[in-house]
Amino acid sequence: MLMGCNDSSLDDKLTRIIKEQGLSGNPIRDVNQQVRTIDSLPARLGKLLFFSTQLSGQRDVACASCHHPLLGGDDDLSLSVGVNPVDIEVIGHHRRSKSATILVPRNAPTTFNSSLWQRKLFHDGRIERLNEFSLLPPEISTPDEKFGDIDIGATSLVQAQAGFPVTSEHEMRAAYKDKSSNDSLRSALVDNLVKSVTKLSSDNVNSWQNLFLEVFPHSKNESLFELFNFQRIQFLIGEYEKSQVFIDTPWKAYVGGNKNALTSDEKRGAILFYTPVKNGGAGCVGCHSGDFFTDENFHVVAFPQIGEGVDIQGNDTGRYLRSGIPDDRYAFRTPSLINATATAPYGHNGAFDDLKNAIQYHLDPIKGSKKYDYSLKQLRQQGITNINAKKHTSSAVKQLIMLQRQQRSKLVVTTLSEKEIIELISFIGSLTDPCIKNAICLSPWLPNATEHPDNSILN
């Protein structure tokens, strides 16, 4: 399909839809608070921390191991390989674990545009802003506190989020300080970092110590341990993630007035996306709403439960594990669709390797759950096995059926033709910023050999 197809009938329909939905095409709602430039010193220093293995218990995994810019801000795996990798430097499809089974229970969400979330982070929303509609400083709840209590150390969602992968046994911590509190663990990791930094030459202008001193000037009596406290590390990683804003999409250009920015297939897909099921559409906007294409709420879609799960039964009941509310069983946060074509596999545990399969399952999860291959043979090479996958999926489907019967589910069963699915995928493709598929464009977000503190070659 040629670009720049000017179909006036499609454009007229989309113009009405854009107006009805109140869309601007720009998901940035608060530029001053949410977006940073990668050229800023805090973001540059946060980049080094993001790519360092010094913040993991065994020094064998970095944030970038599972959230690499060249992989769309994630790792291209259904379930991440955190600690105990066969090869520290291998990322993406070929990353393997020394363990027989992958124990990270969920798919790694992209860090791209993570600062644009206004209310919740993680699949279960365990990092959430409590005063989301207030102009006052954010009040944020985290797993360091009881559900609904304020974590006084959390200043932004992304800053708060940076404090938790390091506490996960399977993601970054391993067995390191396994009987300690989260705070004492973080302090121990800072101690590791300080030991690493002191090995660097103080004359090296690219050393962490000198960069920290530029961002956080300190007195002569302040120790390196005080200089490198974990709250500052969280802040810096958050500043780096705030710079990872990739939203210059064809759809944004189209909403901005360039009618040639989309193909005819993409326009038809957009109309399907925004048209309710009762009117012959796909009804995707029911959950994937607004310029960021998410309502930031939790919904039961009953995707296959392929992971080892989070609870003691090896199940994953999603939001319920945080809230304790029965209706939240198997509910997960609606993902944003910005850059979705670069963030496969899909679902809270990466059950689907492509958009077509994910969309088809969405159309009728009950039917889809009966067709899914629970032998997981397609995932065995990644080390994913789960003998309870079918049983746990069945429980999730029962929850969805219950909510649908009580008219408390937004998921409406429907059917789309092969052509309509292709058009829908085309539209979702128009939500991708070309920069994230271009290594040269992404180079500012990658450390180079001269500035990397622990000589990793993850960049």
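These figures come from a predicted structure and were not determined experimentally.
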Looking at side-chain heavy atoms only, is the closest gap between [X] and [Y] below 4.5 Å?
X      : Y      : result
Ile436 : Leu70  : no
Gln161 : Glu241 : yes
Tyr320 : Arg322 : no
Pro105 : Glu308 : no
Thr385 : Leu376 : no

Once rounded to the nearest 0.5 Å, what's the spacing between atom [atom1] of [X] and atom [atom2] of [Y]?
X      : Y      : atom1 : atom2 : answer
Gln58  : Asn84  : CD    : CG    : 4.5 Å
Arg408 : Asp327 : CZ    : CG    : 4.0 Å
Lys47  : Trp445 : NZ    : CH2   : 9.5 Å
Arg126 : Phe147 : CZ    : CZ    : 13.5 Å
Leu79  : Asn349 : CG    : CG    : 6.0 Å
Leu71  : Thr110 : CG    : OG1   : 10.0 Å

Whether the [X] and [Y] side chains hold a donor-acceptor pair (N or O, under 3.5 Å, no angle test) is what I'd like checked.
X      : Y      : value
Thr432 : Thr341 : yes
Ser323 : Asp328 : yes
Ser181 : Ser184 : yes
Glu128 : Ser141 : no
Arg333 : Asn297 : no
Ser289 : Asp295 : no
Asp144 : Asn182 : yes

Which pair of non-hydrogen atoms, one from [X] and one from [Y], has the smallest distance, and what is that distance?
X      : Y      : value
Leu236 : Pro42  : CD2-O, 3.7 Å
Ala389 : Ile306 : CB-CA, 4.4 Å
Thr393 : Tyr361 : CG2-OH, 4.0 Å
Asn107 : Gly347 : CB-O, 3.6 Å
His68  : Ile91  : CD2-CD1, 3.3 Å
Ile421 : Leu363 : CD1-CD1, 4.3 Å

Has [X] got a side-chain atom pairing as donor or acceptor with [Y]'s backbone, closer than 3.5 angstrom?
X      : Y      : result
Ser187 : Asp183 : yes
Asn131 : Glu139 : yes
Thr53  : Asp60  : no

Would you call the rings of [X] and [Y] parallel, tilted or perpendicular, where under 30° means parallel and over 60° means perpendicular?
X      : Y      : value
His123 : His348 : perpendicular
Trp251 : Phe293 : perpendicular
His288 : Phe273 : tilted
Phe303 : His362 : perpendicular

- Item | Ring centers of Phe352, Tyr372 separated by less than 6.0 Å | yes

- Report yes if the distance between the aromatic ring centroids of His67 and Phe112 is under 6.0 Å, otherwise no.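 No: the rings miss the under 6.0 Å criterion.
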
- Item | Pairs where residues 226-235 contributes a residue and the test side chain to side chain donor-acceptor pair (under 3.5 Å) is met, not counting sequence neighbours |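 Sorted result for residues 226-235: Ser223-Glu226.
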
- Task: Given side-chain hydrogen bond (donor to acceptor under 3.5 Å, both in side chains), test Asp373 with Ser375 step by step and report yes or no.
- Result: CA-CA 5 Å; Asp373 183 358; Ser375 72; 2.6 Å; yes

- Item | Test: Arg106 cationic atom under 6.0 Å from Phe332 six-membered ring centre, within 45° of axis | no

